[in-house]
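Structure record follows, encoded as structure tokens.
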Amino acid sequence: MRQSFDETTDPSFGAKHLPRVRAKMAEQGLDGLLVPHEDEHQNEYLPPANERLAWLTGFTGSAGAGAVLTDRAAVFADGRYTVQVRAQVDPAQFEILSLENGGVAAWLERAPQGAVIGYDPRLHSPDALATLARAAAKAGAELKPVDPNPLDLAWADERPEQPAAPVVPHEDRYTGESSASKRARIGGAIRDAGAGAAVLTAPASIAWLFNIRGGDVIRTPLPLGQAVVRADGTARLFLDPRKVTNELPGWLGDAVTLEAPEALSAALDGLSGQSVLIDPGQSSAWYFDRLKAAGATVVRGADPCALPRACKNPVEIEGSRRAHIRDGAALTRFLHWVDTVAQRTLPSEREIAEALEGFREETGALKDLSFDTIAGAGPNGALPHYKPVGDKIRRIEKGSLLLVDGGGQYLDGTTDVTRTMAVGEPTADQRRMFTLVLKGHIAMAVVRFPEGTTGHQLDVLARLPMWMAGLDYDHGTGHGVGSYLGVHEGPQRIAKAVNAQPLLSGMILSNEPGYYREGHWGIRIETLQVVTPPEPIPGGERPMHGFEQLTLAPLDRRLIDVALLTADERAYVDGYHAEVLAKVGPLLDGEAKAWLEAQAAPLK
């Protein structure tokens, strides 16, 4: 029986699967095994066939790791998944630990002296592996590459087949630039890096460079594959033949050779004597080992597609505007439903998530969600990345708050939006905290900043109103978003953590400050915004970038304490709501349109 995984994965997996993995470890002379969440493509979201950590432990979060010794095991998760990991993992089989404060490396420092701990070089980036190797050496243990992976051998016939979703053209009317033009640009970047070729393993880069999309990864239209791109713009693209549609060869053109994945090893060997660019943060250690063994000169550098992909062109930006208007109409219908029907029926979080997905499906343009919808009622809303899981699912209650975070994948853009709504009459305390979050959100929306500014430098603006009240939140303020690609995209971000990447025109980022009162409720306001080109400010001396708001959905005006807003902040809210009404209103009718008109009225 082949297995698939979702948020209800069985906590008994550990008791069933650990002995099988340990038996295969013993056959290879191993005392331990590292089990990262990441797969051969360093994906955040995985196809079922690559959910090794979920099969071993039961934990299905998008950030985690496992480690197995002969007499004990551990599973690691970050703060987003505190509740989920404890609901899904058997504590009698696994010690449940945090990825923060050293994570797996700190655990390895306490490994038994002389232990031989296996790792699959296809699943670890060389940068991450170097950190783990240092930690193991500190304990007197040894990391050893394994092939085949003992876990894969233990999984055996139960393992799902590798995905083979059709790979289809993504038309230039959505991309704004042909693949040939992109490959010429990337070829120039390869030459500038001092290389003759580049190896690409990130599915998002392959999708972007060749103007193709697939369905191998949940919630993200990615094709799994690899590519070797030469400085002259020609390329070899390695895809499972089952994915190749009839129109694909013609779409790619004569400068791109389609080959089966089995030909990849020989292709890397054929780069002997050449300088090859590859990203140590995106590609696994296996590629570096193979290139070195082949006699190639490895040039470590950033994926040459990452930054061009992040800077959206005018066609992509206009597509994102259209997608957000469409998505905003669906979201407004949902918010109207929450403010009317749900206030009477008090549905469960699962029913709320299904309702939002239904409104998005009614657009007729939804290809998929951009991630699993977060619907947190009351105390569950205080968990920033909570998902309705098992017996943790709650119904909304009068006097509390509902936090809903969701998004859609459309051919012309990817959306991600969070709104917090009152259930019943909000308290003065709830209104105060919502308004402090709103003040930080507004500060990030209206900021102007000079060229060279990073998201790290801007992050404090969203936090300042809360800092002045002795409060904070423990997640980043903004992540990059793709164009009908990943809802999480680098290299740009807005966060406390240092990030050297300046914000550039065309980058799309989220703006999502929040506040979370453990055991009670949570608040987050999230919109997507795009960096605008630098323009002069009257009376100023330097041109300044800014942000254009893309997300169009009303705020819950019942939660706004107008007395805490400045005149400029009130003007921003009124102007934003007027824009929502002007752009989304024409797509609505009846009660939903009348409701939006009332929500968009000027604050008093």
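The structure displayed is predicted, hence computed values, not measured ones.
Considering Leu356, Leu402, Ile396 in turn, Leu402 is the only one that fulfils the side-chain contact (heavy atoms from CB on, under 4.5 Å) rule with Val338. Just one residue in the list Glu579, Glu548, Glu316 forms a salt bridge (charged side-chain N to carboxylate O under 4.0 Å, His left out) with Arg321, and that residue is Glu548. The residue from Ile317, Asp416, Thr414, Val481 that alone fulfils the side-chain contact (heavy atoms from CB on, under 4.5 Å) condition with Ile508 is Val481.
Between Trp55 and Val35 the shortest side-chain heavy-atom distance does not fall below 4.5 Å. Put simply, the side chain of Leu565 does not reach to within 4.5 Å of the side chain of Tyr572, judged on heavy atoms. Counting heavy atoms from C-beta on, the side chains of Tyr174 and Val315 never come closer than 4.5 Å. Side-chain contact between Pro126 and Arg300 is present, with at least one heavy-atom pair separated by less than 4.5 Å. Taking the side chain as every heavy atom from C-beta outward, Asn50 and Asn43 never approach each other to under 4.5 Å. You'll find the side chain of Tyr515 stays beyond 4.5 Å of the side chain of Thr420, heavy atoms only.
Proximity of a side-chain donor or acceptor of Arg431 to a complementary backbone N or O of Ile560 within less than 3.5 Å is detected. Under the 3.5 Å distance criterion, the side-chain polar atoms of Thr57 are matched with a main-chain donor or acceptor of Phe59. Here the side chain of Arg524 pairs a donor or acceptor atom with the backbone of Pro384 at under 3.5 angstrom.
Among residues two or more places apart in sequence or in another chain, the side-chain contact (heavy atoms from CB on, under 4.5 Å) test is passed with Pro308 by Arg185, Ile186, Trp208. For Glu109, there are no side chain to side chain donor-acceptor pair (under 3.5 Å) partners, not counting sequence neighbours. Shown here are the salt bridge (charged side-chain N to carboxylate O under 4.0 Å, His left out) partners of Asp216, two or more places apart in sequence or in another chain: Lys243. The side-chain contact (heavy atoms from CB on, under 4.5 Å) search around Pro554 returns Thr332, Leu335, His577, Val580, Trp595, Leu596, Gln599, not counting sequence neighbours. Not counting sequence neighbours, Lys367 has no partner by the salt bridge (charged side-chain N to carboxylate O under 4.0 Å, His left out) test. For Ala310, the side-chain contact (heavy atoms from CB on, under 4.5 Å) test picks out Glu489, Pro491, Gln492, Met507, with sequence neighbours left out. Applying the side-chain contact (heavy atoms from CB on, under 4.5 Å) criterion to Ala469, with sequence neighbours excluded, gives Arg432, Leu436, Leu471. Residues forming a side chain to side chain donor-acceptor pair (under 3.5 Å) with Glu44 (at least two apart in sequence, or on another chain): His488. Every residue two or more places apart in sequence or in another chain was checked for a side chain to side chain donor-acceptor pair (under 3.5 Å) with Glu354, and none qualifies. Judged as a salt bridge (charged side-chain N to carboxylate O under 4.0 Å, His left out), and not counting sequence neighbours, Arg134 has no contacts. Not a single side chain to side chain donor-acceptor pair (under 3.5 Å) links Arg557 to another residue, sequence neighbours left out. Take Arg219 and apply the salt bridge (charged side-chain N to carboxylate O under 4.0 Å, His left out) test, not counting sequence neighbours, and it matches Asp368, Asp372.
For Arg122 and Asp120, the salt-bridge test fails: no basic side-chain N is under 4.0 Å from an acidic carboxylate O. Using a 4.0 Å cut-off between a side-chain N of Lys or Arg and a carboxylate O of Asp or Glu, Asp459 and Arg463 qualify as a salt bridge. Contact check on Arg394 versus Glu349 returns no salt bridge, with no Lys/Arg side-chain nitrogen under 4.0 Å from an Asp/Glu carboxylate oxygen. For Arg350 and Glu357, the salt-bridge test fails: no basic side-chain N is under 4.0 Å from an acidic carboxylate O. A salt bridge does not link Asp556 to Arg419: none of the charged nitrogens lies less than 4.0 Å from a carboxylate oxygen.
In the model, Asp561 has no side-chain atom that pairs as donor or acceptor with a side-chain atom of Thr435 under 3.5 Å. For the residue pair Gln430 / Ser400, no side-chain donor-acceptor distance below 3.5 Å is found, with atom types taken as modelled. A donor-acceptor contact closer than 3.5 angstrom is absent between the side chains of Thr201 and Gln226. Side-chain polar atoms of Asn380 and Lys392 form no donor-acceptor pair below 3.5 angstrom. If you check the side chains of Glu512 and His479, you find a donor sitting under 3.5 Å from an acceptor.
His170 and Tyr484 have tilted rings, their planes meeting at an angle from 30° to 60° on a 0 to 90° scale. Ring geometry for Phe76 against Trp107 counts as perpendicular: the plane angle is over 60°, on a 0 to 90° scale with 30° as the lower cut.
In terms of heavy atoms, Ser505 sits closest to His545 at OG-CE1, 3.2 Å. Closest approach of Gly476 to Ala495, counting heavy atoms only: CA-CB, 4.0 Å.
Aromatic ring centres of His441 and Tyr576 lie farther apart than the 6.0 Å criterion allows. Ring centroid separation for the pair Phe449 and Phe547 comes in under the 6.0 Å cut-off.
Atom CD1 of Ile442 is separated from atom OG1 of Thr566 by 7.5 Å, given to the nearest 0.5 angstrom.
The number of heavy-atom neighbours closer than 6.0 Å to CG of Asp474, taken from other residues, nucleotides and ligands shown, is 12 or below.
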Side chain to side chain donor-acceptor pair (under 3.5 Å) assessment of Glu51 paired with Thr60: CA-CA 8 Å; Glu51 287 275 14; Thr60 60; over 6 Å; no
